[in-house]
Amino acid sequence: MDAYLRDLLVKKWNIGKFSFSFLDALLAVCITGTGVMLRLSVIGYTATDWDKISAMILEFLLAVWGGMIVYFYTGARLRAFLTYAVLVIYPSIIANSALWNRGSVFYAWFFLLSLYLLVKGAGVRAGLSAAAGAVIALSRMRVSTQNLTLGWPNLYEIVGKSMFVDLYNRVSLLVLAGLLLTGIYLYIKKKVKLTGTLALQLFVFLSILIPYLAPSMPAWAGYTADIGLLLYAMYRPGKFYLPMLHLIVSYSAYANVINGTSKLPMSLYAVILLAVLTDVGRDAYREAMGQS
């Protein structure tokens, strides 16, 4: 019996190129159970329907997917498992579905899929996946013409979110479109090669930039960036402070809308987001220019 237990503890199973032991599986079960219990502790605060249950289930699959992406980038089994473990218990992810009943995971899944397909060289399928995610995201967001932010501390927390609403609604979208088209133009002109590192950096950069400049962004607009920054920090551990800062902003946005108050001015969170955006943008620029 002792020999059987010892063999069981050290035995490894393989799924493709990924290997795991009995202890790995036991730890995965424990962290999954923790994620389930955390969700059950807050699920009663809002109405529970199939949309909410589906979102919570999909969050666990998204955590697996995030771990697979990190493994693809790093080849490190421990980092991949740690990614899964963190995403399962990530406060903003739990709050988004179980507490607040917002299914941002539905569009985040397509965005992550587009990242993976892009790195694999399937540009057309990556674009279709990103478009599907964008359609789902827009369908779940309420459009407001009364305020430039619906809870997310974007640029308009700094410049003023209730004045010149109609003007900023139009101008900000044109500025955002101009920035995206300029980036595409420079990418083509400089003949930049889309490496795995650059693809991840651009994914994270755009997931922060778009809700930062787009008007009328709801409090859960940072959901995709929460996940993307965690993957980026797993790929580059020296950037661990980026997902920490963004998580503070993201969770504070939730708390501000739910409780109607914020511990700190929302404009301060907007400044923090600008710093995170600048940091990631600088990394992407260096990666792109380092090829020339």
Side-chain angles (χ1 to χ4, degrees), residues 4-113 115-116 133 136 207 220 222-235 237 240 243-244 246-248 250-251 254:
Y4 172 77
L5 290 176
R6 285 196 300 268
D7 291 340
L8 181 63
L9 291 176
V10 299
K11 183 178 180 181
K12 290 186 178 295
W13 292 271
N14 296 315
I15 299 179
K17 297 181 180 180
F18 189 80
S19 63
F20 64 95
S21 66
F22 173 79
L23 290 178
D24 294 330
L26 181 61
L27 187 56
V29 170
C30 291
I31 194 64
T32 301
T34 301
V36 171
M37 295 306 296
L38 287 172
R39 285 164 174 78
L40 290 178
S41 67
V42 297
I43 194 173
Y45 285 92
T46 53
T48 300
D49 52 23
W50 281 111
D51 186 69
K52 184 177 186 179
I53 294 173
S54 299
M56 289 190 292
I57 293 173
L58 198 57
E59 283 173 351
F60 287 93
L61 297 177
L62 183 71
V64 174
W65 184 234
M68 291 174 61
I69 292 177
V70 169
Y71 186 76
F72 170 79
Y73 270 98
T74 66
R77 187 169 59 90
L78 180 59
R79 290 192 196 181
F81 180 79
L82 185 59
T83 301
Y84 169 79
V86 173
L87 287 176
V88 163
I89 62 174
Y90 221 48
S92 60
I93 292 179
I94 294 173
N96 189 274
S97 64
L99 174 61
W100 207 11
N101 200 8
R102 295 291 189 272
S104 300
V105 66
F106 293 112
Y107 62 78
W109 177 271
F110 282 98
F111 289 151
L112 284 181
L113 178 61
L115 169 63
Y116 180 78
I136 296 173
S207 68
W220 64 91
Y223 186 93
T224 304
D226 271 338
I227 299 169
L229 282 167
L230 178 62
L231 301 184
Y232 188 46
M234 290 295 177
Y235 177 55
F240 72 94
M244 293 176 62
H246 197 274
L247 178 60
I248 292 173
S250 186
Y251 201 79
Y254 289 179

Between W100 and Y45, is the gap from one ring center to the other below 6.0 Å?
no

Using modelled atom types only, decide if a donor and an acceptor are shared between the side chain of [X] and the backbone of [Y] within a distance under 3.5 Å.
X    : Y    : value
N101 : A47  : yes
T34  : C30  : yes
K52  : I43  : yes
S41  : L38  : yes
N96  : W220 : no

Side chains of Y235 and V70: does their closest heavy-atom pair fall under 4.5 Å?
no

Taking the side chain as everything from C-beta on, heavy atoms only, tell me whether L230 gets closer than 4.5 Å to V86.
yes

For the student: nearest non-hydrogen atoms of [X] and [Y], plus distance:
X    : Y    : value
T46  : A98  : OG1-O, 3.8 Å
P243 : A233 : CG-CB, 3.7 Å
Y254 : A95  : CD1-CB, 3.6 Å
L247 : S92  : CD1-OG, 3.5 Å
A80  : Y71  : CB-CB, 3.7 Å
L87  : G66  : CD1-CA, 4.2 Å

Rounded distance (nearest 0.5 Å) linking atom [atom1] of [X] with atom [atom2] of [Y]:
X    : Y    : atom1 : atom2 : answer
Y223 : S97  : OH    : OG    : 6.5 Å
I69  : I227 : CD1   : CD1   : 9.5 Å
T83  : W65  : OG1   : CH2   : 13.5 Å
M234 : L229 : CE    : CG    : 12.0 Å
D226 : I93  : CG    : CD1   : 7.0 Å
R39  : I89  : CZ    : CD1   : 9.5 Å

The test is side chain to side chain donor-acceptor pair (under 3.5 Å); show your working for Y84 and T32 and say whether it passes.
CA-CA 9 Å; Y84 169 79; T32 301; 2.5 Å; yes

Taking salt bridge (charged side-chain N to carboxylate O under 4.0 Å, His left out) as the test, write out the residues that go with R79, two or more places apart.
none

Over 12 foreign heavy atoms within 6.0 Å of OH, Y251
no

Hey, mind stepping through F106 and D51 against side-chain contact (heavy atoms from CB on, under 4.5 Å) and telling me if it holds?
CA-CA 10 Å; F106 293 112; D51 186 69; 3.6 Å; yes

